[in-house]
Amino acid sequence: VFKFEYWIHAVLDPMGINLQYSLGKDLFKMLNFSLFLPAVAAVAILAVTIVSAISIFKSGTVKWRKPNFSSPLVFYGFAFVLIPGLLLTLSGSPVRSHYLIAAAPFIHAVFAKFWLQKGNKWFAVVLVSQAVIALCFIIFIHMHGAPNGDYGMPYRLQ
């Protein structure tokens, strides 16, 4: 029952590092095509996120107390991230990335706040990494398509 699919999608999709959903079985072909640059960029994004979270919690910036629901970020975090995540996990329902359309902007805001609290250099690493992933993805789709994923064959190869 506890696959934690919601939490996996909630972290990987807003960061732009879950290409498995769109590429399907063509993911490994893309990673080979682009010399694993998307994988390296994804690791960089995850590392920045983990380092930021650890340092923020270690520094005492985040204190565990009763949530202040008058703060929009806290309210939307509970409404779109925590509560649906708990309900979907406990129900055992399969979670697809498109379920997170409503939650993704709020998850982006939380991650941006984490990264910016540690300085612009961390945020720059994330932005450059996401640009590398996006560029490799676009070039791969243009050159090869994704017949086993969402994109099919490009028009020039049909």
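What you are looking at is a predicted structure, and each value in this text was computed from that prediction instead of being measured. Computation of the quantities below employed the complete heavy-atom set of this structure, encompassing side-chain atoms and omitting hydrogens, waters and symmetry-equivalent molecules.
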With hydrophobic residues grouped by side-chain heavy-atom distances under 4.5 Å, do [X] and [Y] end up in a single group?
X	Y	answer
Val48	Val51	yes
Val126	Val40	no
Phe140	Phe28	yes
Leu23	Leu135	yes

On a heavy-atom basis, which atom in [X] and which in [Y] lie closest, and how many Å separate them?
X	Y	value
Ala39	Leu31	N-CD2, 4.0 Å
Leu37	Cys136	CB-SG, 3.9 Å
Ser129	Ala41	O-CB, 3.3 Å
Met30	Pro38	CE-CG, 3.3 Å

From [atom1] ([X]) to [atom2] ([Y]), nearest 0.5 Å:
X	Y	atom1	atom2	value
Ile141	Met153	CD1	CE	10.5 Å
Leu127	Phe123	CG	CZ	4.5 Å
Leu27	Phe137	CG	CZ	10.0 Å
Ile50	Ile45	CD1	CD1	12.0 Å
Leu19	Asp26	CG	CG	11.5 Å
Tyr155	His142	OH	NE2	13.5 Å

